[in-house]
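Before any comments, here is the structure.
Below, chain A is the first sequence line, B the second, and so on; all start at residue 1.
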Amino acid sequence: MAQEVNSASPIEMIRIVDLEKYFAKLHVLKGITTTIHKGQVVSVIGPSGGGKSTFLRCMNRLEEPSSGSIFIENVDITDHRIDINKIRTDIGMVFQDYNLFPHLTAIQNVMLAPVHVRRVKPKEAEEHGMELLKRVGVTDKAKEYPFNLSGGQQQRVAIARSLAMRPKIMFFDEPTSALDPEMIREVLDVMQTLAESGMTMVVVSHELGFIREASNRVMILVDGKIIEEGTPDEVFNTPQNQRTKDFLSKIL
Amino acid sequence: MIDSIEKKKGKYGHLPWYRRYEFLYPFMIIYAALIIFVMPPVSRLNIFGYLMLIVAVVIYVFVLVAVQTDREKPNWLKNIFAFGVILIFGLFFYRYSGARWSEVGHYFFNMDVMRRTGFMEVGEAATTTNWELMFRALWTAIEIFLMSAVLSTLLALLLAVVRVIVNDKLLNFFIELYVDVFRAVPSIALLLVIYFSLPYAGILLSPFATGVLALTLIEGAYLCEVFRSGIEAIHKNQVESARALGMTAWKAMKLVVLPQSIKIVLPPYTNRMIGLMKRTAECSVIAIAEILQTARQLQSWYANATPLIIGALMYMIFLFPLTRAATILERRRKSA
Ligand SMILES: Nc1ncnc2c1ncn2[C@@H]1O[C@H](COP(=O)(O)OP(=O)(O)O)[C@@H](O)[C@H]1O
Ligand SMILES: [Mg+2]
C-alpha cells in the first residue's frame, strides 16, 4: 500500500458538498459529499453509467455542476468569479482515449501547455518534458508523432503531458480501459510510482490489483451516489451495502 | 520482345491476332498513313466519307481497348495508343470543322495587334502598347484577388471561430443568415447593387472598392462554411484535453484545433481561391479595367480575338501553381 496519509494533520485538497448534476432531465449525480486529503489515492469504482466520469469532470468543471460546491484547496471552483483555467493548471487529467494532440510529437505534446499557459521558456519546458518522458519510460519516442506510438506509450505520454503542468492533483478516467492487456501493466506501473511519490490522485479504474496496491481509499459510486467507501481491505473484504456486494460479485 | 511473348504463349494460351506485335506494328503505320493521306477532305465528305470516318474510329477503339487491357504490353505502347486518340480527334477537327485555318493566326494569335499603341487615346495612351494594357489589367485582377482573398479569409475565420467558441444562439443566427444570404446572391448582381444603389444612400465607393467588397462578402460566406466544417471535424476530445490543461477556449482553438483543421481545409480552400481569381472577371460589369474588361474592349476595337486569348492565357498561367497545389493536396489527403 502507498504511503499512509499523515493522519495527525491531513491537509484538505478537495471538499465536495452536495454535488448534483443533471443532463437535461437525467439526474446523474445525486448529492455527493466527500473530502479528499493531500497525498490520498482514491479509487472510484462502480457500474458503467453510474456517473464516475461525470463526477471527475465536474471536479475540474469540464462539466458544469448543477448544484453544490467543490472546494479545491479551499477555493470554491463553482463560483463563476474564479478563473477556472488557473484552477485547471493545478489539476491534471488523463482520459481513457489518451487524446494526445496528433499534430505534435510526444515532446511537443508535453511542452505545449507549460509554454503557452504557464509561460515557461521553451528550453526549460523541453528539459522538464524530457525528464518526465524519462520518468514514464518513453524517452526514445520523444520525437515521434502519437500515430507511431502504441496505446500504452500514448497513455504514458499523456500522463507526462499532465505532469508537465506540475499539478497538485491528478484525475484518471479509466486510463487502461482502451489498452491491450499487455500494455496495461506499463501504465499502471507509472501510476503506482506517481502514487508513491505522494501525488493526490482520484482514479476511476477497475484494475483491482492496482486499487489494492496503490490506493488507500475506495469509493463505490452507484447511480449517482457514493454508497460505500473505505480502505480497499474494508470495501473488498467486508462490504456493508448489499449493492456493493452485488457489484463486487460481478467484478471480483 | 516478340520472342518472349511467343514463349509465354504456352503459359497464357493462344494470343489472339490483334494482340500480337506482328499485327500491332504494321497496324500503327498503315492506320496513320490511311488517316493522313486517304481520308477525304471536307469538300468531298459524302455519305461514304462519313461511313469511312465511323469505321476508322470503331477500328481504332477496338485495337485501343485490346492494347490497354493487355497486361503484357509495355507502357510506352499503351501511351502511344492513348495519345493517338488525341491526335486523331485533333486531325478530324482540323479537317472537318470547316474552320478557315489560314486565318486563325491572324485572328487569334496576332502579335501585331498586341504591339500597337494609342488605344482610345486615353492619357499617355498614345505610347502605351496593348501588351502593357493587358498586363496592367492582369495586375488589377491580381490586386482585387489578393485583397478579397485576405479579407474574406480573415472574415470567415473570425466568423467560424466565433460560431464554434462563443456559440451564442443570437450570434449564430446572424452568422448563418449572412452565410445563407451571400451564398445565394450571384456576385454580378451584388456588384451591380453595390455599385449603382449605394450612391443613392450617399455612400460612394470606387469601382475597385466595390469589387473587393462584393467578392469579399460572397467569398467570406463560403469560406465560413469551409472553416466551420474543418473545425468541427476535430473531435471534441481534443478541445477537452486542451481545456483540462488550463488553456482558454481561444488558445485551444489556436494551438490544438486550427493546426489540425488546416490539413482538412486546405484542399477546398485552394479550390475556392482558384474560383475567386476567376470571379474577378465579373468585376468587368462595373467597368473595372481588369483582364476581361480590357480584353473585350481591345477585341471589339481591333475586331481581333488575340487580346481575349492573351487574357485567357493570363488566368491559366497565374492559376497553374494553384491548380497544381490543389491536386497535390487532394491526393495527399486521400493517401493519408
Ligand atoms: N454530455 C452528456 N450529455 C447527456 N448525458 C450524459 C453526458 N455525459 C454523460 N451522460 C449520461 O450520464 C450518465 C453517467 O455517465 P458517466 O458519468 O459517463 O458514467 P460512467 O463514467 O460511470 O460510466 C450516463 O447515463 C450517460 O449517458
Ligand atoms: Mg466513464
Honestly, the part of A:Phe95 sitting under 4.5 Å from a heavy atom of chain B is side chain
TODO: Determine, stepwise, if the pair A:Lys123 / A:Glu127 fulfils salt bridge (Lys or Arg N to Asp or Glu O under 4.0 Å).
DONE: CA-CA 6 Å; A:Lys123 202 168 165 305; A:Glu127 274 167 24; 3.1 Å; yes
**Prompt:** Is a donor on one side and an acceptor on the other found under 3.5 Å between the side chain of A:Gln154 and the backbone of A:Leu149?
**Reply:** yes
Residues A:Arg118 and A:Asp90 bridged, charged N to O under 4.0 Å:
yes
Q | Parallel, tilted or perpendicular: rings of A:His27 and A:Tyr22 (30°, 60°) | A | parallel
Turns out that what part of A:Asn99 lies under 4.5 Å from chain B's heavy atoms comes down to both
Looking only at A:Thr89, A:Val94, A:Ile87, A:Val117, most heavy-atom pairs under 4.5 Å shared with chain B are made by A:Val117
When the 4.5 angstrom heavy-atom criterion is applied to A:Ile91 and chain B, the contacting part is backbone
If one checks every heavy atom of A:Leu100 against chain B at 4.5 Å, the contacting part turns out to be backbone
Review point. Are any side-chain N or O atoms of B:Tyr222 and backbone N or O atoms of B:Ala156, one a donor and one an acceptor, separated by less than 3.5 Å?
Key: no
Looking only at A:Met165, A:Lys86, A:Met93, A:His116, the option with the highest number of non-hydrogen pairs under 4.5 Å against chain B is A:His116
If one checks every heavy atom of A:Asp97 against chain B at 4.5 Å, the contacting part turns out to be side chain
| task | Using atom types as modelled and distance alone, determine if a side-chain donor or acceptor of A:Ser162 lies under 3.5 Å from a backbone N or O of A:Gly92. | result | no
Looking only at A:Pro167, A:Pro102, A:Pro114, the option with the highest number of non-hydrogen pairs under 4.5 Å against chain B is A:Pro102
